[in-house]
Amino acid sequence: MKSGSISVPDLAGGFDLQSTLESAQTFLWQRADDGIYESTNAYGGDAWYYTVAGDDVVYVRQRNGVLEWQATIDAEQLLYRRLRLDDDLDAIFDALADDSMLEQAYQEYSGLRIVHDPFFPCVISFICSARMRVKRIHAIQIELARTFGDPLRIEETTYYSFPRPEQLAAASESNLRNLGLGFRAPYIQETAEMIATGELPVDDIREKSYEDAHEAVQVLPGVGPKIADCVALFALGHLRAVPIDTWTRQLIKLYYPMCDQGSYEATADAFRSMFGKYASYAQTYLYHNVRS
DNA sequence: ATCCAGGATGTAT
DNA sequence: ATACATCATGGA
């Protein structure tokens, strides 16, 4: 295993690993101590987290102002990408509209960054998220990898890579239902097939604008406007994407009623025109504010 | 037991 | 375009 470190004070706007990884934006990292984590702020701050990326394993923890990593590869570039360490949070929040609740959330959760997940795992994990609790979404991803992914033997420990599209496309609906996926099982199998066959051309979608990408991924069964926004944001990096879930819907009704335009698209557009091109950061911070 | 979970879909207006 | 019931499963 290689190792290295990144100085957190050098990152513009700081960084907080726990709030970033334990805030239900990504279900693809695990905490090393107990595997599945409960909720934000449930534990002290210096636990190891790890993810399996392709055939590689990457561990990371934050301690004493340093982001330490251990991995089968030189992980610095991967961490910059997956944790968006190049985002200048101060500049982003300067560019967002002045808003007292947002200011408060920015103070409260300083260092929370939007994540970047690989496309296919992001799609699958968010299809799983429909009407499912965060803890269980997490557990399901682990089960998917253990059941359909490749085993990786690394230093006496067996890890499992997240299944590739063809691996989930080959899974039967009943095998998927056995993991407790319920009505999501056929969505996952069919979506995996559409991506494996190229019916959804992922590389083309990476080149599209936010609006076009948001529309395009909704051809996938189980992907509607909300999950399409999660994919646009967390896998394609469109910081103007505003996923409106039940919590965000409540938040808007309560504190930003002028943005409540009925339909999903109109409401998301109103939120965007209120907060600007980095609206996702406003949504993410406000979301964690109401959920805490 | 009854309700709910980072929604999506089919069907009826 | 908008409103509604329905979709499995596990945990509280």
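Protein chains get the first letters and strands the later ones, always in sequence-line order, with residue 1 at the start of each.
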Per side-chain hydrogen bond (donor to acceptor under 3.5 Å, both in side chains), A/R61 is matched among A/Q18, A/E68, A/Q70 by A/E68

Under 6.0 Å between ring centres, would you say that holds for A/Y278 and A/F93? no

I want to confirm an ordering. Mapping A/Q218 and A/F126 to their closest nucleotides on DNA chain B, which one lands closer to the 5' end? A/F126

Under a 3.5 Å cutoff, is there a donor and acceptor pairing between the side chains of A/D90 and A/Y106? yes

Protein N or O to nucleotides 1-4 of chain B N or O, pairs below 3.5 Å:
unit_1 : atom_1 : unit_2 : atom_2 : d
B/dC4  : O2     : A/R133 : NH2    : 2.7

Provide the distance between the two C1' atoms, one in B/dA8 and one in C/dG11, to the nearest whole Å. 23 Å

Could you check whether any side-chain N or O of A/R113 sits under 3.5 Å from a backbone N or O of A/G14, counting only pairs where one atom can act as donor and the other as acceptor? yes

Using atom CZ of A/R136 as one end and atom P of C/dG10 as the other, report the distance to the nearest whole Å. 6 Å

Could you check whether A/F275 and A/Y285 have their ring centres less than 6.0 Å apart? no

Rounded interatomic separation in angstrom, taking CD1 from A/I127 and C1' from C/dA8: 16 Å

Roughly, in whole Å, what's the span from CD in A/E265 to P in B/dG7? 16 Å

Spell out, as yes or no, whether a donor-acceptor pair under 3.5 Å connects the side chain of A/H138 to the backbone of A/W29. yes

OP1, OP2 of C/dA8 versus side-chain N and O of A/R184: anything below 4.0 Å? no

Give the rounded distance in Å between these two atoms: CD1 of A/I140 and C1' of C/dA8. 11 Å

Watson-Crick and G-U pairing of DNA chain B, under 3.5 Å, as dot-bracket with | and [ ]: .||||.|||||||

Can you measure A/F183 atom CZ to B/dA8 atom P for me and round it to whole angstrom units? 10 Å

Report, as yes or no, whether the 6.0 Å neighbourhood of atom CG on A/D98 holds more than 12 heavy atoms from other residues, nucleotides or ligands. no

How is A/Q283 classified with respect to the nucleic acid when contacts are heavy atoms under 4.0 Å: base, sugar-phosphate, or nothing? base

What is the nucleic acid contact for A/L220, judged by heavy atoms within less than 4.0 Å: base, sugar-phosphate only, or nothing? sugar-phosphate

Please pick, from B/dG7, C/dT2, C/dT9, the nucleotide with the shortest atom-to-atom distance to any side-chain atom of A/S263. C/dT2

Choosing from C/dA8, B/dA8, C/dG10, which nucleotide comes nearest the side chain of A/R177? C/dA8

Would you tell me if any nitrogen or oxygen in the side chain of A/S129 comes within less than 4.0 Å of OP1 or OP2 on B/dA5? no

N-O pairing of A/E22 and A/R31 below 4.0 Å: yes

So, A/E199 side chain and A/E193 main chain: donor-acceptor pair closer than 3.5 Å or not? no

Just jot down the side-chain hydrogen bond (donor to acceptor under 3.5 Å, both in side chains) partners of A/D150, sequence neighbours excluded, or say none. A/R164, A/Q167

Mind checking A/Y187 for me? I need base, sugar-phosphate or nothing, with any heavy atom below 4.0 Å counting as a touch. sugar-phosphate

Nearest whole Å is fine: how far is C/dT9 C1' from A/L181 CG? 10 Å

Measure from CD1 on A/I188 to C1' on B/dA8 and round the result to the nearest Å. 13 Å

Rounded off to whole Å, could you give me the CD1-to-P distance for the A/I137 and B/dG7 pair? 8 Å

